[in-house]
Structure formats: structure tokens, C-alpha cells
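What you see is a predicted model, and the numbers here were worked out from it, not measured in a lab.
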Amino acid sequence: MMSATPLCAAEPRGGVPAVLLACAGLLCHAGSHAALPGSAEPAAGPAGGATHAPDEPASEPPVLWTLPPLRWGGNLAYSHRRDSADGVNSMQSGLSTTVNASTSGFIWQPWFARVDAALGFTKVSSNSEGDLPANNSASEGVLVTGRGQLSVLSQSKFPFEAHFEKTDNQVDTNLAASSDVASQRYGFTQRYFQTRGESSLAWDRNTQTSSNFGSDQQESLELRSAHNQDAHQLQLSANRTVNRHDNSGESAAQDNLTTQHHYTPGPALSVLSMANLSNSELHLQQGDNRTQLAQFSSNAFWQSATQALSVNGGVRALTLAADQAGLVASSDGTSGTRLLTANANAGLNYDYSRLTRLNASLNVGSVQSGPLSSTQSSQTLGANYLPDSIALGAVDYHWALSANAFNRSSSEEAQSGLSLQLSHGLNRSYTLDGGSTIRLSGNQGLLASSTRGNPAYAAGIPQPSERQLTHSGSASWDLLQQTGAALIRLSVSDARALDADRAYFQLLNFQASSNLPTSGYSSWTGSLTLQAVRQGRDAVEGDVQADASNTTSASGALSYQTQRIFGVRNLRFGSDLRLNLQSQQSQRAFLQQSFFSQLQSRSDQETAAWVNHLDYAIGRTQLRLQLLVSRSTALRDHAGTGAAASNQATEERTNRSLYFTVIRRFGQY
């Protein structure tokens, strides 16, 4: 039970806003001329308006005790589901009842403290039947959830917040999102606000208990502080996190300390510096591991106010020490990993004219790993020229030229080179009736480079080509209106090396998307992507055959939504179709590293899915009928061939699911 005292009954406290004191005075003044709720009317005084003798003491207003408002409600739900997968049928049905209650109110005065709390109970019973004996089961249980939050002096310079949350799941069923896990979380946050910054201290503990996995606990403590002074902004963050697993005794602890300083004396200069210390300790059954990390970095950026010139630079240093259980100590008596790196870089960009940009960069670094150490440096200089496009009738012609020079040196290699890239293309657009537009484009590029030195390439890995030719083209149609939009685009590209390596990369891509309403209550939304990739290299002298790899993929989604199917109000229908297909063919195992990067192929379990749902609302009663049909790929072992991956193949499976649920809501939820 919580109490609320009228403002006029509270003694003035230090730090109370003047507005609240003024309101308290008005309430006290009004209370001297009006009867309190539930009290008798004041007796009529003598002529002249006097209600009591001058020496009669005035009665003090009574203290009013109130209960915070209570909101309650819940729902009653019944669900039925039928599944058919790979010729195996199963059925699940369940009944659940949920009751929730919550309250929110203040303690003493609104500015002093506020409490929020909620409690919920869900009783679930389910029954499962199927062709397989393992599918026949019945379960029943109760889910309990609760939370609470207390905020003290939230409008002051030092607000405090404490929270508590508990969940206890005791149900094992396919129809309820639950598990055999009991969890609770509690903690607090204390803040302190100043004119030029703020600070906070937060502590939190989270525990989870399960009959299957045992008990786990996570505890975190965090301290933050920020201070601003003119052009300086300083931030400090320190935190510690500890995870424990009681059954095995394993634990993990992580400590971090980070400081960040931002210096901005004006719009032209900005300097950001950061220092970080980190320590992690793992106590595992295999042994103890410990990692310590310290790093510092500072980056500066300067932009000229009178010229198109910008300069940036930075330094970074890092040290890492990692000790792992079971490692044999090295010759210097240390075990694990010891790493020390240092790096400095600088860059410059200058717009010589509106069409010409110059750039330069410098990088120097050092790495020491145990007894081994190495240094490396690199310098680059480049220029780009991008003139305005030229109108050739209804066609726009554009071209660009860029040149770059580089020099790299390290303990393993010393290399320098020049590169020149020339590209040009044509663009054409047509505007059709109805607001749609057709766009056509074609581009060609040539890259020539010359390299000298002794690059450290591994044996069998081809070196980059010194001459590369690329072609690309695209055609698109788009419609943009206030009510919807549609787009269709086809693009092709071909990139190939002109040297002895003869590597090539070809891409064909088709995309279509739309979002078009058909009426005020229905709309179509869809997207489709088709892609084909071919890469490899042509046969050259000394090779038995050429390398090649072909990959095709298709993915798409089509959705139809209507808020009034058959013209019936509150009767909604939706249909979603999803496709995801991919195939790969290879004539020969292609080199793992080539001049052209390869696409990583992936195999999706679900290749197609079609979901239809029908919803109807009658007052506070909601009904849903859903039908799902999907196709998926799964691994199949060949009988008598063992478990080798080469003896596994995939097969297509069709899954069907019919789901029906009815929910009746009651109360204030």
C-alpha cells in the first residue's frame, strides 16, 4: 500500500521547485475556504462573516492515504495446429489463460518518487498427437512474470532508479513460446548531473536457472563520466562483467577502462584521442586463459577555410599479451602471445580546380611479435580528372582519367609502380506517358599498371594483372507516383585480364520491385532478384584445361494485403510468397585466390514458402486461420557409404502447416 500526502501537509524541503511550493500554497489557501471530501459542511458564522473566534486555533487538514490505480486484464486463447512433413503427420492443440495486473503511482509527492509494477500469470495446457509415438504427449503448467521499477528524485540533479524483473516458465509445448527456465534480473542506476557534464553508476545482476543447463549468473558494474569545457570534451568509461556457470564452475571476467578526448577549437580543426585498457580472464575446464590489451590512438583533421585543401593524420599504438593454458614457454621464458604494433599515417586532399583533385598519403608501421619484428612503409600519390559530360544530341557522353603512383617497402618486399585508368560511357533517358522513365547506360574502362620490385607472393598464387578491361551496361524502367512505385533493372558486366593469367569475371543481374496499391484497402508489394555469375580463366599454354565456376541464384518475395476482403469490415487477408534458390557448377576447382574476388556460395535450408492468413475481429474477439506450404533442402546419407561428406546429397522436402487460433481479451489490456 502506498500513501499520498496533500502538498499543503508537507513541510518545505530543500531543493523543492518554487512552482511546487506555489501550488502547495494555493491548495492550502483553497482548503481554508472549502470542505475536504467526506467532511461536514462548515457551520454558518455570526454576522460579519467570522466563522470562529479570533483566539480559536485552526484545525489541521487530515492526511489522505490513497491507493495507486490498478489496471488488470488478460485473454483466453485456444490454438490448433496440424503439420505434415515428409509423409509424417502431427497435431497440437492448446488452451491458455493469461491474467495481467499493473500499477503506476507516486510516493508522497510526484517529484519525490514513483513506482511502476506489473504481475502476470499464464496457465497453458497442450496436447500433441502424431504418426510417430514420440509425438504423443501432454503438458500443463504456469508461466509467472513480474517486474518492478522505483524512480527517486527523477527531476533533480541526482536521480536514482532501481528495477526488478522475474520470469518463471514451467511449460514445455510447441504452441507456447516458453521453456523450462526461471530468470530474474535486478539492479540500480545512480546519475549525477552538472552544468558541464554528467556521471552515472550502474549495477545489474541477471540469473537463469534451468533443469537442463543448470544455473548461470551475469553481473555487471559500469561507471561513466562526461565533462565539457569550451573546446574540450572528455569522456571516461569503466566497466566490469563477470559470467559464471555453477554446474561446471567455469567463469569469464572482462574489465575495460576507456578515456576519450575530443578537441575542436574551431570549424577548421578537430582532434580525437582515445586510450583503452582491457583485461579478460577465462576459467575453463581446459585451463585458464588471460588476455591483456592496451592501445592508444589519436586522429586529427584540418580543413582550410580559404582553399579546397584538407589534411588528416594519426598515430596508433597497441600492445597485447595473451597467456593460454597448455602452451610451452618459449626461449625467453614467456608463454602465449606477445604483440606490439605502432603506426603513423598522414593524408592530403587538394582540389586543384573544379574538375581536378590531387591526393597523397604516407604510412609507417612497426610490428613485433615475440622475438620477431618487422617494419613497413608506403607512400602514394594520385590525381583524378573528371570533366563535365558532353551532350551528343539526346545522349550524354562522360569520361574520366586517374593516375596513381605508389611505393611500398618492408622486411619481406620492396615494390613501386604506376597505374593509369581511363573510363568513358554513354547515358540516355526517355520519359514516357504516365510518369515512367527508361534509362540506358554503357561504360568501358581500361586499367594499365607497371610494377617493379620483389613482391612476396606465395608459390602458385597468380600476381595481379597489369592490364584489365571492363565493360558494363544497364537498362531500367521506373515509375514513381504518390500512390506507389515500381522498378525493373537489368545490368551486365564483364571484367577480364589481358595478360597471361587470362582471368575473367562476368555478372548478369536482374531486379524488379513494386509497391502499388490496388484500392484504398489493398496493395501489392514484391521484389525479385535473378543473378548469374561466371568466373575463371581461359586455357593458356601449360594448362591442361581452363578453370571455370558458374553460380546462379534467385530470390524474391511477393505480398498481397487487404483490409476488407469480400467487402467485409474487419476481415483481413494476407498472402506472402518467398523464393530463395541457388545452384553452382564448377568444371574444375578454381584457385582460392585470384585477381577477381570470388562470391561465397551459401545453401539455404528453405527454398520456397507460401503463407496465407485470414484474420477477423469481432469486438474483443480475434480469430486467425493460417496456411503455410514450404519446400526445403536437407542432407540425406546414402545407405552403406559411411558419414563422409562426399557421400551426402540433398533432397527436397515439402512441409504443410495449418494453424487456427481464437483469442478473447478482457479487462483493460
A side-chain contact here means heavy atoms from C-beta on lying under 4.5 Å apart; do [X] and [Y] qualify?
X: D204; Y: H163; result: yes
X: R354; Y: D388; result: yes
X: S493; Y: T470; result: no
X: T337; Y: T291; result: no
X: P159; Y: F193; result: yes
X: L358; Y: L381; result: no
X: T437; Y: L480; result: no
X: Y385; Y: W399; result: yes

What are the two closest heavy atoms between [X] and [Y], and how far apart are they?
X: T264; Y: S270; answer: CG2-OG, 3.8 Å
X: L469; Y: G445; answer: CD1-O, 3.4 Å
X: S441; Y: S474; answer: OG-OG, 2.6 Å
X: G484; Y: P517; answer: CA-CD, 4.2 Å
X: R534; Y: N550; answer: CG-OD1, 2.9 Å
X: S436; Y: D433; answer: OG-O, 4.1 Å

Distance-only donor-acceptor check, side chains [X] and [Y], under 3.5 Å:
X: Q235; Y: T258; result: no
X: N343; Y: N363; result: yes
X: S449; Y: S419; result: no
X: R316; Y: Q295; result: yes

Reported [atom1]-to-[atom2] distance for the pair [X] and [Y], which is rounded to 0.5 angstrom:
X: H262; Y: L272; atom1: NE2; atom2: CG; answer: 5.5 Å
X: F510; Y: S491; atom1: CZ; atom2: OG; answer: 10.5 Å
X: E161; Y: Q190; atom1: CD; atom2: CD; answer: 10.5 Å
X: Q292; Y: T319; atom1: CD; atom2: OG1; answer: 9.0 Å
X: L446; Y: L498; atom1: CG; atom2: CG; answer: 7.0 Å

Above 12 or not: heavy atoms from other molecules or residues under 6.0 Å from [atom1] of [X]?
X: R191; atom1: CZ; result: no
X: Q194; atom1: CD; result: yes
X: R224; atom1: CZ; result: no

Under 4.0 Å between a side-chain nitrogen and a carboxylate oxygen: does that hold for R496 and D494?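 Salt bridge flag = yes for D494 with R496.
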Is the backbone of [Y] close enough, under 3.5 Å, to the side chain of [X] for a donor and an acceptor to pair up by distance?
X: Q511; Y: L530; result: no
X: S353; Y: T356; result: yes
X: Q415; Y: N407; result: no
X: Q217; Y: R205; result: no

Taking the six-membered ring for Trp, are H424 and Y397 parallel (under 30°), tilted (30 to 60°) or perpendicular (over 60°)?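 Rings of H424 and Y397: perpendicular, over 60°.
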Parallel, tilted or perpendicular, judged at 30° and 60°: which one describes the rings of Y350 and Y352?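 Rings of Y350 and Y352: perpendicular, over 60°.
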Working for side-chain contact (heavy atoms from CB on, under 4.5 Å), residues R439 and N427: CA-CA 7 Å; R439 294 180 174 87; N427 295 328; over 6 Å; no
Let me see the working for V364 and Q379 under side-chain contact (heavy atoms from CB on, under 4.5 Å), right down to the final yes or no. CA-CA 9 Å; V364 179; Q379 306 86 36; 5.7 Å; no
Worked verdict on L440 versus Y430 for side-chain contact (heavy atoms from CB on, under 4.5 Å): CA-CA 9 Å; L440 304 174; Y430 304 87; 4.0 Å; yes
